[in-house]
*Asks:* 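Sharing a structure here in structure tokens format.
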Number of protein chains: 2
Amino acid sequence: MNELAIPPESVAEDEQPKTLAEAAYRQLRRDIIEGLHRPGDKLRVEHLKDQYEVGAGTLREALQLLVTDALVVAQGQRGFRVAPISLDDFEDITRTRVLLETSALQQSIELGDDAWEANVVASFHLLSRAEDKLGDGGKCSREEWEQRNRAFHEVLISACPSRWIRHFQNILYHQSERYRRLSLFRQPIPRDVHAEHQAIVDAALARNTAEATRILTDHIMRTLEAVKRLPDELINR
Amino acid sequence: MNELAIPPESVAEDEQPKTLAEAAYRQLRRDIIEGLHRPGDKLRVEHLKDQYEVGAGTLREALQLLVTDALVVAQGQRGFRVAPISLDDFEDITRTRVLLETSALQQSIELGDDAWEANVVASFHLLSRAEDKLGDGGKCSREEWEQRNRAFHEVLISACPSRWIRHFQNILYHQSERYRRLSLFRQPIPRDVHAEHQAIVDAALARNTAEATRILTDHIMRTLEAVKRLPDELINR
DNA sequence: ATAGACGAAAATCTCGAGAAAAAGTATTGA
DNA sequence: TCAATACTTTTTCTCGAGATTTTCGTCTAT
């Protein structure tokens, strides 16, 4: 297991919530990323406390946690809102992700041991299977694909010793997940995503840093291009 | 002014607090960075609410805000602690800062206009003056020098259009401020810090990106070396 | 003497109500 | 008809008390 008591991990992902506030936080986060609460929407505590079945103060705390992830913005004395989205913001997110994730991958390739390699292969396999089942007709939810895609990218950089890079990367991944949902909702996962993942794995295991980071960059940037092609009204609301 | 309503800025720095929770948050942050609450210390709500003269729920909220800055860690059902410090952590912070800040400086040099140049020169001047007064015998508080040093570094990268990089950089700066206090408390500001700042300004205004980023990197890394030379008991507690 | 378990004390988490602020609505005057 | 003002409603912010959980000291048994 991971040693705890070290700051830069907002909340451990897999463990189950130990407090009502944290439970509400996770539900809210999912609902925001899924688009149930839309960008720019006002989040009224009085309404939401019933919906999520917690007290006002507790829900407030959950909202505060979401501010940490920059999925919610708090404005002085005027309550909370779902963080707005924009093309400029997504471009920023994407470029920053590239900066952090390539650096992390570079270190991961340099430092990763056998166990890391095994994890990379394993998570890639899980992701591939999810893609198969997804194309096969709803044998596998997109929820599950997202989960495995996330796991794959996380494992790739797991050998990077910098907790801070991983922490920031984590935040940015959640952010971009909101945008990716928009694009995946329209066009199902294109075929070449699998090929890109495969290429990254190959390069990483061959310890070919330059090649691996190059492909990863293209891979991330491609999502940006996909979102750019979306109709305006999906983004500017 | 800056347009608000955009997420990645935890709380606007200069404006005055609009809520009790935010006021408590700022006091607490200052006290943590100053070392009044020491790394690893438990932050008991029941005690602190009297000290900061707010209700329990309000103080709780202030603590939650500090979690965003990673100056405080919240552990499940076991309350809050001041984020611990370690040499490894500071090394991580420093390297990540270099990664982000050089990238930001690079873009700043590329995109900065006349107003940016003017701000760079101005903030450098203010910083230099603070250094003079500081060496001159306490005409100027170290508090003020910190403030201006911070402003200088912020202005340097202010022409970088990426809000996310600036946001992360902001967090890391606060973090490293804690460590820098440790080293500055012992040895007052060394003479060559001024020269380094001067060199950065010169290279930046000459639009010499390679040179500017190189000096900035050395500049940031030097603080790491200084902290590494500190006695162990200052860091590991 | 060490390990484990029981019980008391402290701290955290949670809730609902009251005070302060913002937003919305209606009224009045030009 | 429009603008400004006063009032009402909604929402946020703040506080203190009760329910759970953790923590710490003590006691017993091996």
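Naming: A, B, ... by sequence-line order, numbering from 1 per chain.
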*Asks:* Ignoring backbone atoms, establish whether A:His47 has a side-chain N or O less than 4.0 Å from OP1 or OP2 of D:dT11.
*Replies:* yes

*Asks:* Which nucleotide, C:dC15, D:dC15, D:dT12, lies nearest any side-chain atom of A:Val54?
*Replies:* C:dC15

*Asks:* So, B:Trp116 side chain and B:Leu111 main chain: donor-acceptor pair closer than 3.5 Å or not?
*Replies:* no

*Asks:* May I ask you to say what A:Gly79 touches in the nucleic acid, namely base, sugar-phosphate or nothing, with a heavy-atom cut-off under 4.0 Å?
*Replies:* sugar-phosphate

*Asks:* Counting side-chain heavy atoms from C-beta on, which of D:dC15, C:dC15, C:dA11 comes nearest to A:Leu20?
*Replies:*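 The answer is C:dC15, which lies nearest to the side chain.
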
*Asks:* Please work out if B:Ala21 contacts a base, only the sugar-phosphate, or nothing of the nucleic acid, heavy-atom cut-off 4.0 Å.
*Replies:* sugar-phosphate

*Asks:* When all nucleic acid strands are considered with a 4.0 Å heavy-atom cut-off, which category describes A:Glu46: base, sugar-phosphate, or nothing?
*Replies:* base

*Asks:* Could you give the CG-to-C1' distance, from B:Leu63 to C:dA11, as a whole number of Å?
*Replies:* 13 Å

*Asks:* Between A:Gln77 and A:Glu53, name the one whose nearest nucleotide on DNA chain C is closer to the 5' end.
*Replies:*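 Comparing both residues, the 5'-ward one is A:Glu53.
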
*Asks:* Atom CG of residue position B:Asp50 - does it have more than 12 heavy atoms of other residues, nucleotides or ligands inside 6.0 Å?
*Replies:* yes

*Asks:* May I ask you to verify if any side-chain N or O of A:Thr58 is less than 4.0 angstrom from the OP1 or OP2 atom of C:dC13?
*Replies:*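 False: A:Thr58 side-chain N/O out of range (4.0 Å or more) of C:dC13 OP1/OP2.
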
*Asks:* Between B:Asp92 (side chain only) and A:Arg163 (backbone N and O only), is there a donor and an acceptor less than 3.5 Å apart?
*Replies:* yes

*Asks:* In this structure, how many angstroms lie between the P atom of D:dC15 and the NZ atom of B:Lys49, rounded?
*Replies:* 9 Å

*Asks:* For B:Leu43, report the nucleic acid contact type (base, sugar-phosphate, nothing); a contact means any heavy atom under 4.0 Å.
*Replies:*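 B:Leu43: backbone/sugar contact only, no base atoms under 4.0 Å.
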
*Asks:* Going by the angle between their ring planes, with limits at 30° and 60°, are B:Trp164 and B:Phe168 parallel, tilted or perpendicular?
*Replies:*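 Aromatic pair B:Trp164/B:Phe168 classed tilted.
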
*Asks:* Examine distances only and state if a side-chain atom of B:Gln169 and a backbone atom of B:Glu101 form a donor-acceptor pair shorter than 3.5 Å.
*Replies:* no

*Asks:* Under 4.0 Å from OP1 or OP2 of C:dT12: is there any side-chain N or O of A:Thr19 that close?
*Replies:* no

*Asks:* Give a yes/no on whether any side-chain N or O of A:Arg60 is located under 4.0 angstrom from OP1 or OP2 of D:dC13.
*Replies:* yes

*Asks:* Ignoring backbone atoms, establish whether B:Arg78 has a side-chain N or O less than 4.0 Å from OP1 or OP2 of D:dT22.
*Replies:* no

